[in-house]
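Structure, as structure tokens:
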Amino acid sequence: AQSVTQLDSQVPVFEEAPVELRCNYSSSVSVYLFWYVQYPNQGLQLLLKYLSGSTLVKGINGFEAEFNKSQTSFHLRKPSVHISDTAEYFCAVKARNYQLIWGAGTKLIIKP
Amino acid sequence: SQTIHQWPATLVQPVGSPLSLECTVEGTSNPNLYWYRQAAGRGLQLLFYSVGIGQISSEVPQNLSASRPQDRQFILSSKKLLLSDSGFYLCALEGTRKSNEQFFGPGTRLTVL
């Protein structure tokens, strides 16, 4: 069975500072990895995904994530955040023939 | 491109009343469809998914039900709402097998009083 852990429920960071949102997963088989963003009172939007190939994945809005197989991690990063990045971020894992498994979410709080 | 419509956008219902939330999709055929719920301060909870017309899988036992009368229509229902049914309901479809990602609708905010 697969599982996803987002280690931080909230991450406060100053505007223009870098940020890393952590995601660890467990799985006995190969997985696909996703990061989604949810702005207040909206649906989820795909930020980026890792299916195969290069372990560094670039997404929308200046975000990127790195797949680390040995550490079973898929941390999300942005070098400089903006007020508009205030949202909740969800990590998700999918193995072939299994349902998508979601992390509990991390709220990114941008301080001016 | 794929589009997901959900209505209503917001809904306030008394305890014990019935519920019907509708989700329709465009730009795809025979999608896998999903209903999720987000309760206040909690993550995504998968309620139902459907791989085709009339095919519904329930992930959690509760007073909700789902139906898929048409390929691109997914309905979430209840005969009698509970206070604990309050939350943000999201419909999603699964993309092509190659992409494996899910696309989400705008959601319905349900408040049960």
Side-chain angles (χ1 to χ4, degrees), chain A residues 1-10 21-23 25 27 29-53 57 59-60 63 65 67 74 87-109, chain B residues 1-11 21 23-25 31-51 55-60 74 76 86-111:
Chain A
Q2 295 79 44
S3 66
V4 181
T5 302
Q6 291 186 244
L7 297 164
D8 306 297
S9 60
Q10 290 188 32
L21 305 183
R22 297 180 292 170
C23 173
Y25 69 93
S27 177
V29 297
S30 298
V31 295
Y32 304 122
L33 297 154
F34 306 87
W35 275 101
Y36 285 80
V37 60
Q38 185 181 30
Y39 299 103
N41 294 310
Q42 294 186 26
L44 277 71
Q45 178 183 4
L46 182 69
L47 266 181
L48 48 79
K49 61 185 176 184
Y50 171 79
L51 303 182
S52 65
V57 180
I60 62 172
F63 284 93
F67 170 55
F74 191 53
E88 189 159 17
Y89 293 80
F90 292 91
C91 180
V93 168
K94 181 172 170 55
R96 188 186 296 274
N97 297 325
Y98 287 90
Q99 291 293 344
L100 196 62
I101 304 298
W102 294 90
T106 298
K107 290 185 179 178
L108 179 58
I109 300 167
Chain B
S1 62
Q2 297 159 333
T3 306
I4 304 174
H5 301 282
Q6 287 187 247
W7 63 87
T10 60
L11 190 60
L21 301 182
C23 169
T24 58
V25 304
N32 290 345
L33 296 175
Y34 299 79
W35 277 113
Y36 289 93
R37 178 172 62 199
Q38 282 182 297
R42 305 184 67 177
L44 286 162
Q45 180 187 27
L46 178 62
L47 301 175
F48 301 95
Y49 70 94
S50 171
V51 298
Q55 301 179 65
I56 308 295
S57 296
S58 175
E59 291 295 303
V60 289
F74 202 24
L76 182 69
S86 293
F88 193 48
Y89 288 80
L90 290 161
C91 179
L93 70 84
E94 192 163 74
T96 63
R97 189 163 294 276
K98 183 178 180 181
S99 70
N100 284 285
E101 67 211 55
Q102 290 187 2
F103 298 92
F104 285 80
T108 294
R109 174 74 59 190
L110 172 65
T111 303

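Below, chain A is the first sequence line, B the second, and so on; all start at residue 1.
Partners of A:Phe67 under the ring pair (Phe, Tyr, Trp, His ring centres under 6.0 Å) rule, at least two apart in sequence or in another chain, are A:Tyr50. With sequence neighbours excluded, the residues forming a side-chain contact (heavy atoms from CB on, under 4.5 Å) with A:Ala87 are A:Val37, A:Tyr39, A:Tyr89, listed by chain and number.
Heavy atoms closer than 4.5 Å to chain A are found nowhere in B:Gln6, neither backbone nor side chain. Neither the backbone nor the side chain of A:Gln45 has a heavy atom closer than 4.5 Å to any heavy atom of chain B. With a 4.5 Å cut-off on non-hydrogen atoms, A:Gln6 does not touch chain B at all.
Of the listed residues (B:Leu90, B:Leu46, B:Leu44), the one with the most heavy-atom contacts under 4.5 Å to chain A is B:Leu44. When each of A:Leu100, A:Leu46, A:Leu44 is checked for heavy-atom pairs under 4.5 Å with chain B, A:Leu44 comes out on top.
Judged by distance alone, with hydrogens and angles left aside, the side-chain atoms of B:Ser58 form no donor-acceptor pair with the main-chain N or O of B:Phe48 at under 3.5 Å.
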Decide ring pair (Phe, Tyr, Trp, His ring centres under 6.0 Å) for A:Trp102 and B:Phe104; before the verdict, give the C-alpha distance in whole Å, the side-chain angles of both, and the deciding distance to 0.1 Å.
CA-CA 14 Å; A:Trp102 294 90; B:Phe104 285 80; 5.7 Å; yes
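Using a 3.5 Å distance cut-off with no hydrogens or angles, the side chains of B:Tyr36 and B:Gln102 do pair a donor with an acceptor.
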